[in-house]
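Down below is the structure, laid out as structure tokens.
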Amino acid sequence: MIKKKRRRSLKTKIKNLFKKLATTIKNKIKTTIKKGENMQQNTTEKKQNNPMLFGGIAIFLLLVLFIVMCNPFVMVGPGERGIKIRLGEVQPESYGEGLHIIFPFIQKFKTMNVKTQKNTLTTAVYTKDIQQAQITYVINFNVQPNNVNKLFQEVGMDYQSTILTPVVEGTIKDIIGKWNAQDLIANREKATRDILEKLQIHLKDNYINVTDFQMTEIGYSDVFEKAIESKVTAEQEALKAKNKTVQVEEEAKQKVIAAEAEAKSMAIRAQALTQNKSLVQYEAVQKWDGKMPQYMMGNTMPFINVTPSK
């Protein structure tokens, strides 16, 4: 009996404990729900009280999104010019360095390099005497800054392959074709000046300034170069022989002149000796060494008439 009573009291205690726990949980849930309802009510009231604040935030976010997606700002860097295109039409001006604004979906913007640029190329040409040559050249050029919009409108961005290179190579062929192969080597500077002047005239109308042009190498075939070398060697040998001949002729002339002068001198002296006998003695005295002969044969007289003094 006692054990049964104890079991009943234990069960009763457990039931009471679960009831209390359930009641506590219900109360906490009700409290949390009320707090949530109060917060929602407060938020609704704040929204109703501050409509301008949320409207401003929305507008700002839309503006940021518009700028990110449409990007109405464009930058022109150093040594560049800008070209504005509105609904497919190139605007009649170029834009300098700095920040510019365009209208998205209506306007487009292109930039073009106006710095001095350098191209090094090689082209095949024929000389006046139909010798093929490989010309390696260097050209310095720049786009006219105030006319980039016209160049873009008439030619486009790929103006180098469309205009520059064809005009340069055509001018080179035209000038080189006026020279014989051997003469071209000796007159490279003149040919280079002629090409530069012609390029400056032709490309100026295409909005390109040519500042310098140089032919760095003129290459012929190996056979032709050997022929030129042999010809130059032969000319040098011929010139050497000619100079030797001139030297011999000049030496012969000098000898003839010296002989003629000696002959004239002898004739003049002979004539003088004939006309003046005392001059013979004078000449003998000039050649005498001052010694008298020790022996005299027969009636030989001394070659100088010496009268003994008394």
Side-chain angles (χ1 to χ4, degrees), residues 74-85 90-100 108-221 224-225 228:
V74 291
M75 181 71 70
V76 178
E80 294 180 338
R81 291 296 183 273
I83 305 155
K84 190 178 286 186
I85 306 165
V90 178
Q91 299 302 295
E93 61 179 324
S94 61
Y95 295 84
E97 302 168 2
L99 185 66
H100 302 275
K108 294 182 180 180
F109 203 81
K110 301 284 186 180
T111 57
M112 189 173 287
N113 186 3
V114 295
K115 297 177 184 177
T116 298
Q117 302 178 64
K118 174 183 175 181
N119 280 355
T120 302
L121 298 171
T122 300
T123 184
V125 299
Y126 282 93
T127 60
K128 186 178 180 181
D129 52 352
I130 318 178
Q131 293 293 334
Q132 188 176 20
Q134 295 289 329
I135 305 295
T136 301
Y137 64 90
V138 177
I139 181 171
N140 293 344
F141 65 94
N142 68 280
V143 176
Q144 297 173 5
N146 295 330
N147 292 316
V148 293
N149 56 312
K150 295 179 181 178
L151 180 62
F152 177 80
Q153 185 176 28
E154 297 177 14
V155 182
M157 297 296 289
D158 193 20
Y159 62 89
Q160 291 194 37
S161 61
T162 305
I163 287 183
L164 181 65
T165 301
V167 171
V168 172
E169 294 191 354
T171 304
I172 293 173
K173 291 176 181 179
D174 182 41
I175 299 298
I176 298 301
K178 297 178 181 179
W179 293 90
N180 290 328
Q182 187 173 353
D183 295 335
L184 177 62
I185 298 174
N187 295 275
R188 175 188 292 190
E189 291 185 3
K190 186 179 187 311
T192 299
R193 287 196 303 270
D194 292 344
I195 293 172
L196 176 60
E197 292 173 0
K198 197 169 183 179
L199 287 175
Q200 289 173 334
I201 294 172
H202 285 184
L203 291 173
K204 182 179 180 181
D205 296 334
N206 292 307
Y207 318 115
I208 299 173
N209 295 327
V210 179
T211 55
D212 191 26
F213 176 87
Q214 293 293 331
M215 287 192 292
T216 57
E217 185 178 354
I218 302 175
Y220 296 109
S221 65
F224 183 74
E225 288 185 352
I228 291 179

Separation between CG of Asp174 and NZ of Lys178, rounded to the nearest 0.5 Å:
5.0 Å
Is Gln200 reaching over with its side chain to a backbone N or O of Val210, donor-acceptor style, under 3.5 angstrom?
yes
Keeping Thr111 on the side-chain end and Arg81 on the backbone end, is there a donor-acceptor pair under 3.5 Å?
no
Audit row: Ile85, Lys110, side chain to side chain contact (heavy atoms under 4.5 Å, CB included) steps and yes/no:
CA-CA 8 Å; Ile85 306 165; Lys110 301 284 186 180; 4.0 Å; yes
Can you check side chain to side chain contact (heavy atoms under 4.5 Å, CB included) on Ile135 and Thr122, steps first, answer last?
CA-CA 5 Å; Ile135 305 295; Thr122 300; over 6 Å; no
Are Lys198 and Leu196 packed together at the side-chain level, in the sense that at least one heavy-atom pair is separated by less than 4.5 angstrom?
no
Any chance the side chains of Asn119 and Gln160 put a donor and an acceptor closer than 3.5 Å?
yes
For the residue pair Phe109 and Ile83, establish whether any side-chain heavy-atom pair is separated by less than 4.5 Å.
no
If you define the side chain from C-beta out and look only at heavy atoms, does anything of Asp212 sit under 4.5 Å from Gln214?
yes
Pair Asp194 + Lys190, salt bridge at N-O below 4.0 Å:
yes
All heavy atoms of His202 vs all of Thr171, minimum pair found to be ND1-OG1, 4.3 Å
I'd like to check Leu203 versus Asn209 (side-chain heavy atoms, cut-off strictly below 4.5 Å). Are they in contact?
no
Is it true that a side-chain atom of Gln134 and a backbone atom of Tyr220 form a donor plus acceptor pair closer than 3.5 Å?
no
Minimum heavy-atom separation for Gly79 and Asn113, please, with both atom names.
O-OD1, 3.2 Å
For Ile218 against Ala133, the heavy-atom pair lying closest together:
CG2-CB, 4.5 Å
Measure the shortest side-chain to side-chain distance between Trp179 and Thr127 over non-hydrogen atoms and say whether it is less than 4.5 angstrom.
no
Can you check whether Leu121 reaches Thr165 side chain to side chain, under 4.5 Å on heavy atoms?
yes
Assess whether side chain to side chain contact (heavy atoms under 4.5 Å, CB included) is satisfied between Val90 and Phe152, documenting all intermediate values.
CA-CA 8 Å; Val90 178; Phe152 177 80; 4.0 Å; yes
Using distance alone, with no hydrogens and no angle criterion, decide if Ser161 and Asp158 have a side-chain donor and acceptor under 3.5 Å apart.
yes
Determine whether Leu151 and Met112 satisfy the following criterion, side chain to side chain contact (heavy atoms under 4.5 Å, CB included), listing intermediate values before the conclusion.
CA-CA 10 Å; Leu151 180 62; Met112 189 173 287; 3.9 Å; yes
Over 60° means perpendicular and under 30° means parallel, so tell me whether Tyr95 and His100 are parallel, tilted or perpendicular.
perpendicular
If I take atom CG from residue Leu99 and atom CE from residue Met75, how far apart are they, to the nearest 0.5 angstrom?
5.0 Å
Value for OH (Tyr207) from CG (Asn142), rounded to nearest 0.5 Å, stands at 15.5 Å
Are Thr192 and Arg188 side-chain neighbours, meaning at least one heavy-atom pair lies under 4.5 Å?
yes
Tightest non-hydrogen contact, residues Val138 and Lys118, listed as CG1-CE, 3.6 Å
For Ile130, does the CD1 atom sit with more than 12 other heavy atoms under 6.0 Å from it, leaving out its own atoms?
no
Nearest heavy-atom pair of Thr216 and Tyr137: which atoms, and what distance?
OG1-N, 4.1 Å
For the residue pair Leu199 and Ile139, what are the closest heavy atoms and their distance?
CD1-CD1, 4.1 Å
Side chains of Gln144 and Ile208: closer than 4.5 Å at any heavy-atom pair?
no
